[in-house]
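Only heavy atoms go into these numbers, but all of them, side chains included; no hydrogens, no water, no symmetry mates. Indexing begins at 1, ligand by ligand and atom by atom, following the structure's order.
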Amino acid sequence: ISVDQLPGPHGVPILGNLLDLNNPHPIDTLMDWARQYGPIYKLTVPGTTRIVVSGADLMPDICDDERFDKQLGPGLVAARGTGTPGLFLSETSDPLWRRAHNILMAPFSQSSMRGYLPRMVDIAGQLMDKWSRLNPDDEVNVPADMTALTLDTIALCGFGYRFNSLYRDTPHPFVAAMVRNLLEAQKEAKELPLQRKLRVQARRQAREDSEFQINLVKGLIEDRRRQGDAADNTDLLGRMLTGVDKSSGEGLPDDNIIAQCMTFLVAGHETTSGLLSFAINYLMKSPQYIDQARVQIDEVLGDTAEPTYEQVHQLTFVRQILDESLRLWPTAPMFTRAARTDTVIGGKYLAPKDVGISVLLPMLHRDPSVWGPDAEDFNPHHFDPERFAAVPPLAYRPFGTGLRACIGRQFALQEATLVLGMLLQRFDIIDHRNYQLHTRATLTVKPEDMWIRLRPREGFA
Ligand code: HEM
């Protein structure tokens with residue numbers, strides 16, 4: 001079956017399906033089409049055709065690194081700009097991607113996570129303190145507080161810097177510059193080069209914002225060098241400054257280290273904050289799972305204020321809640337691959353070289369043939385070990401796949417387990433607005449306009 005023969009939504013001349021996707025909920029639109037056209041369909045966007053896949057049986061082919069590679073769409077290539085890219089925006093064939101990947105695998109491995117825990121507890125403790133000082137009627141903007149937490153956590157564990165977002169009403173200038181740059185990159189992806197040329201002020205601001213961020217990280221690198229042997233190089237920045245790629249014998253140039261720091265901030269904060277926000281949404285709609293989680297939390301954490309590494313990793317049911325949230329709403333909802341040479345997937349569909357195949361994770365993860373008749377329902381018991389063992393490994397891919405899978409997976413899961421564990425240990429969640437989940441997709445997808453109240457649990461006032 002050729003790409004032309006695949007089903008798919010009708011588009012308009014030149015723009016194809018672009019107009020249908022140009023709304024705040026493009027992922028919902030893609031999911032509706034998957035429900036209508038099935039586990040493999042085609043889309044046309046200006047200049048190209050793309051395949052969208054959500055069938056678990058097609059995954060073994062698409063995830064085969066020998067035959068397929070990550071594809072960076074035009075939007076991501078544009079976001080790369082002219083400088084050296086970080087891991088996320090690099091081509092697999094770029095020797096610097098491999099060098100950085102080799103150097104960074106160890107500091108992102110499970111065995112390195114123990115070292116980051118005290119810094120994660122530091123920031124999580126700040127959020128708990130903030131919440132414990134609220135008046136009973138105060139409202140908490142969940143995605144906003146979670147974003148402050150995840151940004152501060154990655155900055156502290158990444159390069160020993162404190163944004164102190166939880167103590168501010170307006171973002172730290174670095175964060176403001178980063179957010180402006182991200183919005184600008186998104187705007188740019190949707191406009192013609194001439195339109196952008198005309199926005200002189202926006203271009204100047206974008207340049208100033210990038211320089212400001214680069215200079216801050218440069219300053220941190222210079223500080224480390226000045227401190228010499230006395231520097232604490234146990235964070236990601238230190239590991240990059242001192243690390244050598246065993247296969248090439250080379251370290252990373254400074255501009256690449258700076259690009260990696262920016263990448264961790266961008267890739268690491270919205271995804272994890274969205275995960276925590278979705279998990280809270282699902283829990284307040286299914287309080288029986290709060291009760292189940294608390295049996296374990298009370299046993300493992302008791303009234304401890306600073307959980308240890310061992311304690312966090314004993315919170316297996318909290319982890320199942322997070323896994324289940326990432327099943328229904330994987331916060332990085334798509335990744336795109338392309339065949340290295342013409343090939344066939346699922347035994348019958350042609351996958352021509354370089355044609356983008358996007359894996360639509362929220363639909364892949366709701367396949368009833370894999371998860372059972374309650375595939376659309378939030379049920380952390382989908383991840384009970386004996387039940388999850390029957391799920392084919394490639395049917396659940398919230399962190400991507402193969403060589404280009406998420407390097408921050410253990411980091412995100414440790415941080416989110418700690419924070420959700422501490423939240424449920426100390427607070428009752430009050431759904432005073434009877435929140436109805438609706439999402440917004442920017443770079444990632446997260447709940448929108450989500451407010452709760454928190455009350456200290458008995459014994460934690
Ligand atoms: C890549 C998801 C947290 C850093 C990816 C990819 C996914 C993903 C799906 C693959 C993208 C692709 O194939 O194009 C997530 C989710 C997270 C999370 C759902 C949280 C719940 C983090 C954190 C960090 C991070 C905390 C860093 C501290 C990266 C990097 C890459 C990546 C650097 C690119 C790796 C490479 O291509 O070599 N992530 N991520 N992520 N993620 Fe994450």
Side-chain angles (χ1 to χ4, degrees), residues 62-63 65 68-73 75-77 79-80 85-94 96-105 107-109 112-113 116 119-120 146-147 149-159 235-237 239-240 256-257 259-279 319 321-338 356-362 364-365 396-420 443-446:
I62 298 168
C63 295
D65 274 338
F68 287 82
D69 188 14
K70 166 165 170 159
Q71 187 188 59
L72 294 153
L76 292 182
V77 171
R80 195 154 66 188
L87 285 175
F88 186 82
L89 292 180
S90 294
E91 304 289 348
T92 314
S93 55
D94 182 343
L96 265 179
W97 172 79
R98 185 157 299 268
R99 208 195 296 172
H101 172 84
N102 289 348
I103 291 175
L104 282 160
M105 285 299 274
F108 273 113
S109 66
S112 294
M113 291 303 134
Y116 305 127
R119 291 176 237 215
M120 290 182 177
M146 290 305 180
T147 301
L149 167 112
T150 51
L151 261 176
D152 280 29
T153 302
I154 184 66
L156 190 62
C157 300
F159 40 91
D235 58 7
L236 291 164
L237 176 62
R239 308 279 291 257
M240 287 191 285
N256 188 271
I257 293 180
Q260 305 301 355
C261 288
M262 310 283 205
T263 303
F264 301 150
L265 278 172
V266 175
H269 86 278
E270 273 207 354
T271 43
T272 315
S273 83
L275 162 60
L276 282 159
S277 307
F278 278 117
R319 179 55 202 278
I321 290 169
L322 295 166
D323 290 338
E324 176 70 348
S325 303
L326 281 174
R327 182 179 72 81
L328 288 173
W329 272 112
T331 49
M334 280 211 293
F335 60 85
T336 300
R337 317 260 299 165
I357 305 184
S358 295
V359 178
L360 183 60
L361 291 168
L364 171 72
H365 290 174
Y396 181 67
R397 290 281 104 192
F399 292 97
T401 188
L403 264 186
R404 300 303 300 270
C406 181
I407 204 165
R409 174 171 172 266
Q410 318 287 358
F411 188 99
L413 290 172
Q414 175 170 294
E415 178 186 1
T417 307
L418 168 75
V419 173
L420 192 58
L443 284 181
T444 63
V445 56
K446 55 183 171 187

Within a strict 4.5 Å, meaning less than it, do heavy atoms of the [X] and [Y] side chains meet?
| X | Y | result |
| --- | --- | --- |
| Phe159 | Leu236 | no |
| Phe335 | Ser358 | no |
| Val359 | Met334 | no |

Query raised in the report: In chain order, what residues pass the side-chain hydrogen bond (donor to acceptor under 3.5 Å, both in side chains) check against Arg319, with sequence neighbours excluded?
Result: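 Scan of Arg319 (side-chain hydrogen bond (donor to acceptor under 3.5 Å, both in side chains), adjacent residues dropped) gives Asp323.
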Only heavy atoms of [X], strictly under 4.0 Å: list the atoms of ligand 1 that pass.
| X | answer |
| --- | --- |
| Ala405 | 35 (C) |
| Thr331 | 19 (C) |
| Pro398 | 2 (C), 9 (C), 19 (C) |
| Trp97 | 36 (C), 37 (O), 38 (O) |

**Report entry** atom 43 (Fe) of ligand 1: protein N, O or S atoms that are less than 2.8 Å away, sorted by chain
**Finding:**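 You should have found Cys406 SG.
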Report yes if [X] has an N/O atom closer than 3.5 Å to an N/O atom of ligand 1; otherwise report no.
| X | answer |
| --- | --- |
| Thr336 | no |
| Thr272 | no |
| His101 | no |

Query raised in the report: Quick one: does ligand 1 sit under 4.0 Å from the side chain of Ala416, the backbone, both or neither, non-hydrogen atoms only?
Result: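 No part of Ala416 is near ligand 1 at this cut-off.
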Query raised in the report: Where on Arg404 is there a heavy atom closer than 4.0 Å to ligand 1, on the side chain, on the backbone, on both, or on neither?
Result: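 For Arg404, backbone and side-chain atoms both sit under 4.0 Å from ligand 1.
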Query - Any Pro330 heavy atom less than 4.0 Å to ligand 1 - result: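 No.
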Requested in this report: Give a yes or no on whether a salt bridge exists between Asp65 and Arg337, defined as a side-chain N under 4.0 angstrom from a carboxylate O.
Outcome: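 Looking at Arg337 together with Asp65, the answer is yes, because their closest N to O distance falls below 4.0 Å.
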Requested in this report: Could you point out which residue of Thr271, Leu275, Val266 forms a side chain to side chain contact (heavy atoms under 4.5 Å, CB included) with Thr444?
Outcome: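 For Thr444, the side chain to side chain contact (heavy atoms under 4.5 Å, CB included) check succeeds only for Thr271.
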Query - Pairs involving residues 259-272, ordered by first then second residue, that meet salt bridge (Lys or Arg N to Asp or Glu O under 4.0 Å) (sequence neighbours left out) - result: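 Non-adjacent pairs meeting salt bridge (Lys or Arg N to Asp or Glu O under 4.0 Å): Glu270-Lys446.
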Query raised in the report: Between Phe108 and Phe411, what is the ring plane arrangement, given parallel below 30°, perpendicular above 60°, and tilted in between?
Result: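 Aromatic pair Phe108/Phe411 classed perpendicular.
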Minimum-distance protein heavy atom relative to [atom]:
| atom | result |
| --- | --- |
| atom 13 (O) of ligand 1 | Phe335 CB, 3.4 Å |
| atom 28 (C) of ligand 1 | Ile154 CD1, 3.2 Å |
| atom 12 (C) of ligand 1 | Lys70 NZ, 3.5 Å |

Report task. Rounded to the nearest 0.5 Å, what's the gap from CG on Leu276 to OG1 on Thr150? Could you check? Result ->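 Rounded to the nearest 0.5 Å, the CG-OG1 separation comes out at 7.5 Å.
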Query raised in the report: Checking Ser273 side chain against Met146 main chain: does a donor-acceptor pair fall under 3.5 Å?
Result: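 Judged by distance alone, no pair lies under 3.5 Å.
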Query raised in the report: Any donor and acceptor pair, going by atom type alone, linking the side chain of His269 with main-chain N or O of Leu151 inside 3.5 Å?
Result: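 Between the backbone of Leu151 and the side chain of His269 there is no qualifying donor-acceptor contact (under 3.5 Å).
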**Report entry** All side-chain contact (heavy atoms from CB on, under 4.5 Å) counterparts of Thr92, not counting sequence neighbours
**Finding:**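 By the side-chain contact (heavy atoms from CB on, under 4.5 Å) rule, Thr92 matches Asp69, Trp97, Leu403, Arg404.
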